[in-house]
Amino acid sequence: LANGGCRVKRDIPTVAAPRFSPRLSLAILAGRGAGYISRRLGHGGTSLPGLVGLQIAPQLACDLARQLAGGVVLVAGTNGKTTTATMLAAALASSGPSIVHNQEGSNLLRGVATTLVRHADLAGRLRNAAHLMAVFEVDEAALPQVMRQTRPRSVLLTNLFRDQLDRYSEIALTAARWRTAIRSLPAAASLVLNADDPLIASLADAAPGHVVYFGVEEWPVRDLDRAIPAASADSLFCPRCSTALSFGVLAFAHLGHYRCPACDFQRPEPFIKLYVTHSSGEGSDVRVTAGDASATLSLRLPGRYNVYNAAAAIAGAVNAGVALIAAVSAVQTTPGAFGRAETLRVRDRFLRIFLIKNPTGADEVLRVAAQADPSGTLLLLLSDNAADGHDVSWIWDVNFEQVSAWTGPVICGGTRAEDLAVRLKYAAIVTTQVIPGAIGRAVQHAIQITPRGGAVQILATYTAMLAARDSLARGGYVEQYWQAAT
Amino acid sequence: MTQYPRLRLAYLYPRLMNLYSDAGNVKCIAMRCTWRGIMLEVEEVEIKETPDFSRFDLAFIGGGEDRQQVIAAQDLLSCKRDSLLRALHDGLVCLAVCGGYQLFGAYYRPAEGDDLPGLGFIKASTHHPGHGARRCVGNVVIDWAGTLLVGFENHGGRTSLEGSQPLGRVRFGRGNNGADGTEGAIEGNTFGTYLHGSLLPKNPALADELLRRALVRRGVSAPLTRLDDRLEIQARDAMLARLAVRR
């Protein structure tokens, strides 16, 4: 197994009677023990069991994943993985199987392994394997390795945007690594691709098997869809011949209807088509078609990015045999994922928390936040820990100018609060206050200066979001008043 | 009050070479002009276009992905070389960051494949030490003109100066090559550097030096109106304190 791959014959159903392996049992036992200790120490234990288990049995994920009668579906892409995977898990569950899912977002191989270990007995057997199916969201860099280990029945790829360049590499390199991994998929495996992302769609020619595209055909406000991509957009050049692509409909960044003026590369016709008829700061009304079938989706999550998340999840579910109407219904009732537009009520103020991590995601979140009452409080938290990316340059690609009409207080916090304040100054936002140091202080301040009944929009990078939630939990608010964005 | 001439800035390849949010440098110059009542026109210059660079007072180029840098290098030599070189020799004030800096040197030698010839205005060349070598990634502080500049670097290539003066000396981080302590280059009115972050908004003294040079070239030698840079200085000092670099 020179490539560290999985010993499964190609094109053969993944169900295999597991042979007893002392090594596998030991790995599961040790992983469980590590998880127990980790949780006792107050950690989530969402990756340590897998990490320990993989040290003992490097084929652990492979040996367990192959027992899943329903197979494995992987979800990867820069933005929206967690929400898409959560929606997809709900849609797949609606057709019967129990779903194994790394829902805490621990998305390296160790996180996948942890989730599998949790469902395994000490003999190395997955409990209830005959009725199990797995949905794993996977980190961009880890995808080739996870594909080799889990031999997925399908791989759903959503988008590629620049993200934490000090941690990931350029998106063209990520796409090239994915392409290589896709080539060694079995012919029975299918790809579910976003037709509207040029680089994602260009991966189809590496697919050994079936490809299903999803895309958005129409947005409600035509005049907002100027076919001029933002300066921060990434895939503006033909992946085949490097000519500048021409865009018709443009949703945001480089997602839209494109064609190459020089060669025959163009947006493929999607099978799953979404027509957005109405959208607001609360959500979108969408007509969805899959061939001749059609259904109406009333999505209660804001932003164009969530329309794409829903499209991806519906496509993944339909591709796995779920009826369109059932897939749409399940997606519609999926609440916002952890830290993605969740609403909390704290001391009679309404806090809405958005995760931001790269220019494209932040632009879309700001577009949603800007629809809120501009006299409310805007709390922006920028940190530069490893999980946020050490390089904060990306804030200069974020279109903060779109909240320059904000009249309420704007507060900057996080380990790079000052950098954010400088960015806002150059976006002509003059009401900024800087609260460096502990994020809890910035959160407390934001709540205090907001009148009762008022709203606080919180935009935070990953570790800043965890710290903000932690400070709210210590005040007893998150558990008490947690509710999904509706 | 000083009467300022209208200034023109050529923003080279804003869609091709925009990897590290270097658009912030152009935003910075534009805002610092606005605050002082200086009219600044920003003109985007894309591939295949052949502008007359003698019309411009300032020029800016950022960094791009490998593939896009190859496209930019070819276009720079085939469509812009002569006019741009003439203007640079004539004192056009230029800031070239990261990949743009590399393209202004003699050549870029990738880990594999052919050399990528550059503009050759900055007397320097860049070699990629191979895929096994570590990239230079992280916060950087350099000494420059009696003050400190802060930024972030992320580059694989190592640049050696071959006649041009360095922009500054590395106080923290890697700089041109991680070996000789130099960072960036100055050649005439052209500044090359690996610092992004974005560079100019965090280092307003350098932004103003570029503006000052552009105005001097147009015959305005009165000092620039001072601006309130407390926020910028606070951000810089927070980074210096974290990295324990003393002023």
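Bear in mind the structure is a predicted one, so any value in this text is a computation, not a measurement.
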Throw together a table of side-chain donor-acceptor distances under 3.5 angstrom for residues 39-46 of chain B, partners on residues two or more places apart or in other chains.
| unit_1 | atom_1 | unit_2 | atom_2 | d |
| --- | --- | --- | --- | --- |
| Glu41(B) | OE2 | Arg6(B) | NH1 | 2.9 |
| Glu43(B) | OE2 | Arg55(B) | NH2 | 2.9 |
| Glu44(B) | OE1 | Arg15(B) | NH2 | 3.4 |

request  = Let me know if Asp229(B) has heavy atoms under 4.5 Å from chain A in its side chain, its backbone, both or neither.
outcome  = both
request  = Please name the residue in the list Asn159(A), Thr360(A), Asn358(A) that meets the side-chain hydrogen bond (donor to acceptor under 3.5 Å, both in side chains) test with Asn79(A).
outcome  = Asn358(A)
key: Donor-acceptor contact present, side-chain Asn154(B) to main-chain Val137(B), <3.5 Å   = no
request  = Please flag which part of Arg236(B) lies under 4.5 Å from any non-hydrogen atom of chain A: side chain, backbone, both or neither.
outcome  = neither
Those residues of residues 414-422 of chain A, ordered by number, that approach chain B below 4.5 Å (heavy atom to heavy atom) = Thr415(A), Arg416(A), Glu418(A), Asp419(A), Ala421(A), Val422(A)
ask   = Thinking salt bridges, do Arg109(B) and Asp115(B) make one under a 4.0 Å N-O criterion?
value = yes
What pairs of donor and acceptor atoms, side-chain ones from residues 199-206 of chain A against any protein atom, are under 3.5 angstrom apart with sequence neighbours left out?
| unit_1 | atom_1 | unit_2 | atom_2 | d |
| --- | --- | --- | --- | --- |
| Ser202(A) | OG | Leu199(A) | O | 2.7 |
| Asp205(A) | OD1 | Arg179(A) | NH1 | 2.6 |

message = For chain B, which candidate among Ala244(A), Ser393(A), Ser242(A) shows the most heavy-atom pairs at distances under 4.5 Å?
response = Ser393(A)
key: Other residues, nucleotides, ligands: >12 heavy atoms within 6.0 Å of Asp114(B) CG   = no
key: Engaged part of Leu199(B) at the chain A interface, taking heavy atoms whose separation is under 4.5 Å   = neither
ask   = Ring centres of His254(A) and Phe247(A) under 6.0 Å apart?
value = no
key: Lys/Arg N to Asp/Glu carboxylate O, Asp75(B) vs Lys48(B), below 4.0 Å   = no
key: Toward chain A, the part of Ile71(B) with a non-hydrogen atom under 4.5 Å   = side chain
ask   = Using non-hydrogen atoms only, which part of Asp66(B) is less than 4.5 Å away from chain A: side chain, backbone, both, or neither?
value = both
remark   = Those residues at least two apart in sequence (or on a different chain) that pass side chain to side chain contact (heavy atoms under 4.5 Å, CB included) with Ala142(A) are Leu108(A), Val138(A), Asp139(A), Val146(A)
